[in-house]
There are 2 protein chains.
Amino acid sequence: MARLSDVIEQLIKELIEENNGCAEITRSELAEQVNCVPSQITYVLSTRFTNGQGYLVESRRGGGGWIRIRRISNSTTAEHYIMHALNAMGEQLSQQQAEVYLKNFVDYDVIPRPVARVMKGGLSDQALNRIDTGLRDFVRMDMMKNMLMCFILGSASK
Amino acid sequence: MARLSDVIEQLIKELIEENNGCAEITRSELAEQVNCVPSQITYVLSTRFTNGQGYLVESRRGGGGWIRIRRISNSTTAEHYIMHALNAMGEQLSQQQAEVYLKNFVDYDVIPRPVARVMKGGLSDQALNRIDTGLRDFVRMDMMKNMLMCFILGSASK
DNA sequence: AAAATAAAGGTCAGTTAAAGTCAAAAAACC
DNA sequence: GGTTTTTTGACTTTAACTGACCTTTATTTT
């Protein structure tokens, strides 16, 4: 018997498919549709729609809030290249490693220099200074992955 | 379901655009137009048209009162615009505020869309999830400032 | 002139409608 | 039998929206 989470996963994927790579839902509505508590939607999103799996999840709380899930198309070389790198990246990222990656992306013409420059600024120790060193590299990695996904999705829709 | 606040924001922006960088409204009239209470206009102004976001809001009460919203530094360069924003930015930045800034930067051609998109990804709660909520908005601001500085420096050296 | 009235905008605390968090219970899987 | 995954729900946070009450300014009345 299919697990509820699988059903939800499937449903979201269909929505994405039908909708050109982008699903926009309301957590509570979707929850009601499949008859589960809202937080289970959150669970599914966090386990099956991660950056590493090629998805970007954005959301907004408060009145009129929503959740948007987008999938990369993986059709251009840049997308391939970045997804490949992203999957090889692991959980933590030092400033130095970040710079190496960015340099490669620029050298191989995968990311334009101005974009890389801004990314570098955001990923620098200077910017992340207030974060505990034990946590910093994890956050930096989350940021890197999310920024890369945003970059890919942006250039796709352009 | 478009949020009323968004409609109001858009409306005001159009007025500003049509009118050479300066919109003059009457709070209650605008409120009636979009069918909301007057104080919601105030709410929109205070969340999306702050000084730091490049606007100057003046008003006059009493009979024949008005509210005037002007874009600051319409004619200056991107670097000026960003420097002004940087100066007016405090210590903390929520995801929502970050998005308002970025939207403005793009709308006013101060930062190219792909760069803004990547910034948004890095500044999102999604990416900064592991940081304690008490600290998160401080870090986000540090990042924003750093990225903006990097952007300016980059475009200078070209 | 002074007082009263009308016509604006300002403030702020409270309500509603969303999403997020987290840990415990239940189920599924070795 | 123990471990991992799923499911649940109580509680938190955030953003939008509302309304009652306040302050300021202009106009009208006396």
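What's counted below: heavy atoms across the whole structure, side chains too, no hydrogens, waters or symmetry copies. Reminder, nothing fancy here: chain letters follow the sequence lines and each chain counts from 1.
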Expressed in angstrom and rounded to an integer, what is the separation of [X] atom [atom1] from [N] atom [atom2]?
{"X": "B:Gln97", "N": "D:dT13", "atom1": "CD", "atom2": "C1'", "answer": "15 Å"}
{"X": "B:Leu4", "N": "C:dT15", "atom1": "CG", "atom2": "C1'", "answer": "16 Å"}
{"X": "A:Leu45", "N": "D:dT6", "atom1": "CG", "atom2": "C1'", "answer": "15 Å"}
{"X": "A:Ile67", "N": "C:dA18", "atom1": "CD1", "atom2": "C1'", "answer": "10 Å"}
{"X": "A:Arg27", "N": "D:dT13", "atom1": "CZ", "atom2": "P", "answer": "15 Å"}
{"X": "B:Leu135", "N": "D:dT13", "atom1": "CG", "atom2": "P", "answer": "16 Å"}
{"X": "A:Glu32", "N": "C:dA18", "atom1": "CD", "atom2": "P", "answer": "11 Å"}
{"X": "B:Arg136", "N": "D:dT13", "atom1": "CZ", "atom2": "C1'", "answer": "10 Å"}

At under 4.0 Å between heavy atoms, what does [X] touch on the DNA or RNA strands: base, sugar-phosphate, or nothing?
{"X": "A:Asn35", "value": "nothing"}
{"X": "A:Gly65", "value": "sugar-phosphate"}
{"X": "B:Gly62", "value": "base"}
{"X": "B:Ile41", "value": "nothing"}
{"X": "B:Ser59", "value": "sugar-phosphate"}

Is any side-chain N or O of B:Arg61 under 3.5 Å from a base N or O of D:dT23, one able to act as donor and the other as acceptor? yes

Answer yes or no: side-chain N or O of A:Thr42 and base N or O of C:dG20 forming a donor-acceptor pair under 3.5 Å. no

May I ask you to evaluate whether [X] reaches the phosphate of [N], defined as a side-chain N or O under 4.0 Å from OP1 or OP2?
{"X": "B:Gln95", "N": "D:dA15", "answer": "no"}
{"X": "B:Tyr43", "N": "D:dC17", "answer": "no"}
{"X": "A:Arg48", "N": "D:dT6", "answer": "yes"}
{"X": "A:Ser5", "N": "D:dT7", "answer": "yes"}
{"X": "B:Asn129", "N": "C:dT21", "answer": "yes"}
{"X": "B:Gln40", "N": "D:dT18", "answer": "yes"}

Check: [X]/[Y] side-chain N/O donor and acceptor closer than 3.5 Å:
{"X": "A:Glu79", "Y": "A:Ser73", "result": "yes"}
{"X": "A:Glu99", "Y": "A:Gln95", "result": "yes"}
{"X": "B:His80", "Y": "B:Thr77", "result": "yes"}

Residues B:Glu9 and B:Lys13 bridged, charged N to O under 4.0 Å: yes

Is the A:Phe105 ring parallel, tilted or perpendicular to the A:Tyr81 ring (thresholds 30°, 60°)? perpendicular

With the side chain of B:Arg3 defined as its heavy atoms from C-beta on, choose the nearest nucleotide among D:dA16, C:dT11, D:dT8. D:dA16

B:Thr26 side chain, from C-beta outward: closest of D:dT7, C:dG9, D:dA16: C:dG9

Both A:Arg60 and B:Val37 contact DNA chain D. Taking the nearest nucleotide for each, which residue is further toward the 5' end? A:Arg60

Would you check if the side chain of B:Arg140 reaches a backbone N or O of B:Leu123 as a donor-acceptor pair within less than 3.5 Å? yes

